[in-house]
Amino acid sequence: MNTELSDLAGTVKVPAITIFSMSIRYLKNHALQLLNDPRTPEVNIRESDVYFVLTVPAIWDEKAKLFMREAAVQVN
């Protein structure tokens with residue numbers, strides 16, 4: 001949970017959970033944008049209309065699974 005990631009130059013360090021949360025948020029928002037295609041304005045899909053599921057490999061240990069769960073919770 002306390003792992004940090006750095007940029008290529010090693011000058012900026014950010015918590016890994018922040019990066020993973022931002023990535024999950026981007027994927028969620030992008031999916032919603034694709035579902036709400038401007039060519040079909042009569043279709044209006046809200047976030048509450050979609051049930052998002054994030055899967056992880058079964059071989060991951062419990063700490064890794066918990067990390068992903070926490071990253072997903074931070075998206076909301």
Side-chain angles (χ1 to χ4, degrees):
M1 289 292 184
N2 298 324
T3 302
E4 290 187 334
L5 303 174
S6 60
D7 64 352
L8 291 175
T11 56
V12 178
K13 290 191 179 221
V14 179
I17 196 145
T18 301
I19 301 299
F20 277 75
S21 292
M22 291 171 68
S23 300
I24 295 168
R25 182 178 296 114
Y26 171 80
L27 292 171
K28 179 190 82 166
N29 291 339
H30 187 66
L32 288 171
Q33 283 178 346
L34 291 174
L35 290 170
N36 288 306
D37 190 332
R39 293 173 291 185
T40 56
E42 67 278 1
V43 177
N44 183 21
I45 298 176
R46 296 169 298 189
E47 183 177 338
S48 61
D49 296 331
V50 181
Y51 186 76
F52 292 95
V53 178
L54 179 65
T55 62
V56 297
I59 62 170
W60 283 14
D61 64 19
E62 290 304 313
K63 284 174 44 177
K65 292 175 186 177
L66 180 62
F67 178 86
M68 287 301 288
R69 183 177 293 118
E70 182 61 32
V73 167
Q74 287 186 15
V75 169
N76 292 329

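Index from 1, following the sequence. Computed from a predicted structure; not experimentally measured.
Within the structure, ring pair (Phe, Tyr, Trp, His ring centres under 6.0 Å) pairs that include any residue of residues 49-76 comprise Phe20-Phe67 (at least two apart or interchain). Counting only residues at least two apart or on different chains, no salt bridge (Lys or Arg N to Asp or Glu O under 4.0 Å) pair has a member in residues 7-25. Residue pairs meeting the salt bridge (Lys or Arg N to Asp or Glu O under 4.0 Å) criterion with at least one member in residues 64-76, sequence neighbours excluded: Glu62-Lys65.
Considering CG of Leu34 and CG of Asn29, their distance stands at 11.0 Å, rounded to 0.5 Å. Between the CD atom in Gln74 and the CD1 atom in Ile24 there is a gap of 9.5 Å [rounded to 0.5 Å].
With sequence neighbours excluded, no residue forms a salt bridge (charged side-chain N to carboxylate O under 4.0 Å, His left out) with Asp61. Partners of Thr40 under the side chain to side chain contact (heavy atoms under 4.5 Å, CB included) rule, at least two apart in sequence or in another chain, are Asp37, Glu42, Val43. Not counting sequence neighbours, the partners of Asp49 by the side chain to side chain contact (heavy atoms under 4.5 Å, CB included) test are Ile45, Arg46. Legend: residues meeting salt bridge (charged side-chain N to carboxylate O under 4.0 Å, His left out) with Glu47, ordered by chain and number and at least two apart, are Lys28.
In terms of heavy atoms, Val75 sits closest to Ser21 at CG2-O, 3.4 Å.
Leu27 shares a hydrophobic cluster with Tyr26; the chain of contacts runs through ILVMFWY side chains whose heavy atoms sit under 4.5 Å apart.
Transitive grouping of hydrophobic side chains (ILVMFWY, heavy atoms separated by less than 4.5 Å) keeps Leu54 and Val50 in distinct clusters.
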